[in-house]
Amino acid sequence: MNTPNELFSTAKGFCVQCDLTSRIQLHFGEIQASFKVRDFLAFRRFINSIDIHSKIFDLSDESDYEFVEAPQLNIYHKLTLCELIQLRELVNGTHFAIELNSLLHQLLFLETESV
């Protein structure tokens, strides 16, 4: 039975991992994407590289939103700064959950090997 495991969720979205495909499925508003882990990490780097701080203090209309693109996944969305911050929270929380699960798996695997 293939049941997705929730990795992280917020009020605005959630991420799950599919056991069968080992893909991370992101659900955020209209964005629904399925990432390989490598692609998810690249998407996270892209989201974290956006300078939100400078956009907040820039009074031009162009700074009120950001285009988020991941062509290989057909993601092309115009997000407000609030949505971008919420997406960043979801992506970084998911990354933390993946890292924590990986660390726990390593510790449990090493402990069972030494027994």
Side-chain angles (χ1 to χ4, degrees):
M1 178 176 226
N2 180 26
T3 58
N5 298 312
E6 184 174 303
L7 294 169
F8 189 77
S9 67
T10 66
K12 299 295 180 178
F14 62 95
C15 285
V16 295
Q17 184 173 10
C18 177
D19 289 337
L20 186 61
T21 63
S22 296
R23 289 182 169 260
I24 298 167
Q25 298 170 354
L26 178 127
H27 300 268
F28 180 81
E30 294 180 8
I31 300 174
Q32 293 188 7
S34 180
F35 297 92
K36 293 179 182 175
V37 174
R38 177 183 69 244
D39 295 333
F40 177 79
L41 296 175
F43 184 70
R44 178 180 175 265
R45 279 191 301 276
F46 166 72
I47 294 296
N48 285 329
S49 72
I50 299 169
D51 188 2
I52 294 174
H53 186 265
S54 68
K55 288 184 164 294
I56 289 172
F57 292 104
D58 186 345
L59 299 178
S60 68
D61 290 340
E62 294 82 29
S63 293
D64 292 342
Y65 58 88
E66 180 71 30
F67 286 101
V68 173
E69 298 180 358
Q72 70 278 17
L73 299 168
N74 292 326
I75 297 174
Y76 302 96
H77 287 280
K78 180 178 171 180
L79 299 179
T80 65
L81 288 181
C82 287
E83 291 170 329
L84 183 59
I85 291 167
Q86 293 163 345
L87 177 59
R88 185 180 279 188
E89 176 188 15
L90 178 60
V91 168
N92 286 329
T94 301
H95 180 259
F96 175 77
I98 291 169
E99 289 293 314
L100 181 61
N101 286 343
S102 177
L103 178 64
L104 290 173
H105 178 74
Q106 288 175 358
L107 290 173
L108 290 173
F109 184 70
L110 287 174
E111 192 171 293
T112 57
E113 271 189 351
S114 62
V115 172

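From a predicted model like this one, the values you see are computed outputs, not experimental measurements.
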Output all residues satisfying side-chain contact (heavy atoms from CB on, under 4.5 Å) with E6, sequence neighbours left out; order by chain, then residue number.
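E6 satisfies side-chain contact (heavy atoms from CB on, under 4.5 Å) with S9, V16 only.
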Applying side-chain contact (heavy atoms from CB on, under 4.5 Å), name anything that partners I85, two or more places apart in sequence or on another chain.
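For I85, the residues satisfying side-chain contact (heavy atoms from CB on, under 4.5 Å) (neighbours in sequence not counted) are I52.
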How many angstroms lie between [atom1] in [X] and [atom2] in [Y], if you round to the nearest 0.5 Å?
X    : Y   : atom1 : atom2 : result
L103 : I98 : CG    : CD1   : 13.5 Å
L87  : I31 : CG    : CD1   : 5.5 Å
L81  : L84 : CG    : CG    : 6.5 Å
C15  : H27 : SG    : NE2   : 8.0 Å
Q32  : I75 : CD    : CD1   : 10.5 Å
L90  : F8  : CG    : CZ    : 7.0 Å

Which pairs of donor and acceptor atoms, one on a side chain in residues 34-48, lie under 3.5 Å apart (sequence neighbours left out)?
residue	atom	partner	partner atom	Å
R44	NE	N92	OD1	2.9
N48	OD1	R88	NE	3.4
N48	OD1	N92	ND2	3.1
N48	ND2	R44	O	3.4
N48	ND2	N92	OD1	2.9

Are L79 and I56 grouped together when hydrophobic residues (ILVMFWY) are joined by side-chain heavy atoms under 4.5 angstrom apart?
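L79 and I56: one cluster.
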I50 and V91: same hydrophobic cluster, using ILVMFWY side-chain contacts below 4.5 Å?
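Yes, it is one cluster - the side chains of I50 and V91 are joined through contacts under 4.5 Å.
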May I have all residue pairs that pass ring pair (Phe, Tyr, Trp, His ring centres under 6.0 Å) and include part of residues 54-91, sequence neighbours excluded?
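Found H53-F57, Y65-F67.
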Any salt bridge (Lys or Arg N to Asp or Glu O under 4.0 Å) pairs touching residues 59-84, not counting sequence neighbours?
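Checked against salt bridge (Lys or Arg N to Asp or Glu O under 4.0 Å) - neighbours excluded - the pairs reaching residues 59-84 are K55-E66.
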What pairs with S54 under side-chain hydrogen bond (donor to acceptor under 3.5 Å, both in side chains), at least two apart in sequence or on another chain?
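So S54 forms a side-chain hydrogen bond (donor to acceptor under 3.5 Å, both in side chains) with D51.
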Hey, is the main chain of L59 close enough, under 3.5 Å, to the side chain of S63 for a donor-acceptor pair?
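No, S63 side chain to L59 backbone: no donor-acceptor pair under 3.5 Å.
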